[in-house]
Every structure is written in C-alpha cells, then in structure tokens.
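The next block holds one structure in the form of structure tokens; read it before the comments.
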Amino acid sequence: MRILIVEDDEALARGLVASLRLGGFAVDHEAGAAGVLPLLRGEAYALVVLDLGLPDGSGLAVLREIRREGHTVPVMILTARASIDDRVAGLDLGADDYLTKPFDPAELEARVRALVLRGRGQPDPVVACGDLALDRAGRVATLAGRALPLRKRELAILESLITRAGRAVSKERLVSEVFGLDEEISPNAIEVYVARLRRQLGPAGPRIVTMRGLGYLMEPNTPEEGR
Ligand code: CA
C-alpha cells in the first residue's frame, strides 16, 4: 500500500520514509504544498501524512483542497503546534487523525496501519485465504498456523493479493503498492517476488494464478475431487 508523506523537515521526512518502508509500505515524499494535489491525481494513495507548517503554504489549506477535489484518502495531520484550535480546524476540514511532534515512531506506524485499514473498509487486521492468514498489524503470514519467513516486499505483494483474493490484481497495481516513485525496479521484479511467494506457499497453500494480460490472482487450494 502506498503512502504520501508531506513534510519539509528533511531529517524527519527521511526517518518517516525509512521506517514506513521497513514496515512494508510503498512511500513517496513531497516537501512542499504545491506538489500534493498533482500526486493525488496520479497515484492511488492509501494515506497522506500531512505536516501543517510547509514552506509554500499551510497544510490546512492543502487539506481543504484535497477534500474540495473530492479525494477521500485518509489524512493524518502532523504538527508541532499543539493548540486545540488547530486540532479542531484540521478535523473540521476532514483530517482523520492528528499527531503532535515529537512523536514515537512506533505510535505513528500503529496509527498509520489503523487508518489505512479503516480507509479500505477492512478494520480487522487479519485477512485469510484458505489456510493462509496475514496479520497486517503484526506483519506476519501463517500457513496452517506456521509462520512463513517472508521478506517485506513479499509480504506487501501477499497483502495486495490476499485482500483481493479471487480477483485479478494487475502487475501495475502491485508495482504501485509495493514500490515508491523514487525506487529502482527491475522489469521482472514482480515475477521474482511472486515466484518466491509461490515457493513459500508450497503445494498445500493457496495458489497464485498467472492471468495472461491481467496480472495475478490468489485462490484457496481446493482439495481434488474424488479423493
Ligand atoms: Ca514543517
């Protein structure tokens, strides 16, 4: 899932990008107000983390524009200002959560996950397909109760597929949900990750079916008839 961080403090932004990427998100960073709407028009974000004090405008004004254009993406406001007035103004303009600097990175990540899941209408962090279960809060996948040793990109692809089990997910969508705009991707990266995932799932786990021209589809492994 893809997150946009709008923050002009470079050190803080770098830290946020690094920690959310480690958490398995695709993350883009924007340092000013002006670039936010063009990005929202072009990419499907699961969340915007928005600093209020930006060099070229106020985050509140950006938030107003985001809602005025009809974007329903969840927005978490990040600010050094702790005043109740700002907090109320942000929530009035359609912010979904509010975090005051300085904050604990672990708290930010927990809130980000909660907002992302709520935004997708899937507040339960655990999603399953047959014997395979993914705990999206704890970032653990289990197959018949046994934890799978998956790396973060494999987990991100698994998450994209399992949350849409039974439906084809295009390669473009997987790339967009797994990689940030500034990350290098080899042309066959998705194939490589899918192949590794299939090896981890083994013959007993759910199948990842290649749909020519459409992408990939995850389906539960149904026992063969007549056995
Ligand atoms: Ca700032």
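Note that the numbering runs from 1 along the sequence shown for the chain. These values consider heavy atoms only, across backbone and side chains, with no hydrogens, waters or symmetry-generated copies. Atoms within a ligand are numbered from 1 in the order they appear, just like the ligands themselves.
Contact annotation: Gly53 places an N, O or S atom under 3.0 Å from the Ca ion (ligand 1).
Between Thr210 and Arg198, the side chains place a donor N or O and an acceptor N or O closer than 3.5 Å (distance only, hydrogens not considered).
As for Asp8, its N/O/S atom nearest the Ca ion (ligand 1) is the one called OD1. Atom OD2 is the N/O/S atom of Asp51 found closest to the Ca ion (ligand 1).
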(Q) Run the side chain to side chain contact (heavy atoms under 4.5 Å, CB included) test on Met76 and Leu50 for me, step by step, so that the C-alpha distance in whole Å, both residues' side-chain angles and the decisive distance to 0.1 Å come before the verdict. (A) CA-CA 6 Å; Met76 182 188 320; Leu50 179 63; over 6 Å; no

Q: Under the side chain to side chain contact (heavy atoms under 4.5 Å, CB included) rule, what do Glu184 and Phe179 come out as? Steps first, then yes or no, please.
A: CA-CA 8 Å; Glu184 298 254 342; Phe179 297 95; over 6 Å; no

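Ion pairing between Arg2 and Glu177 fails under the 4.0 Å rule for side-chain N and carboxylate O.
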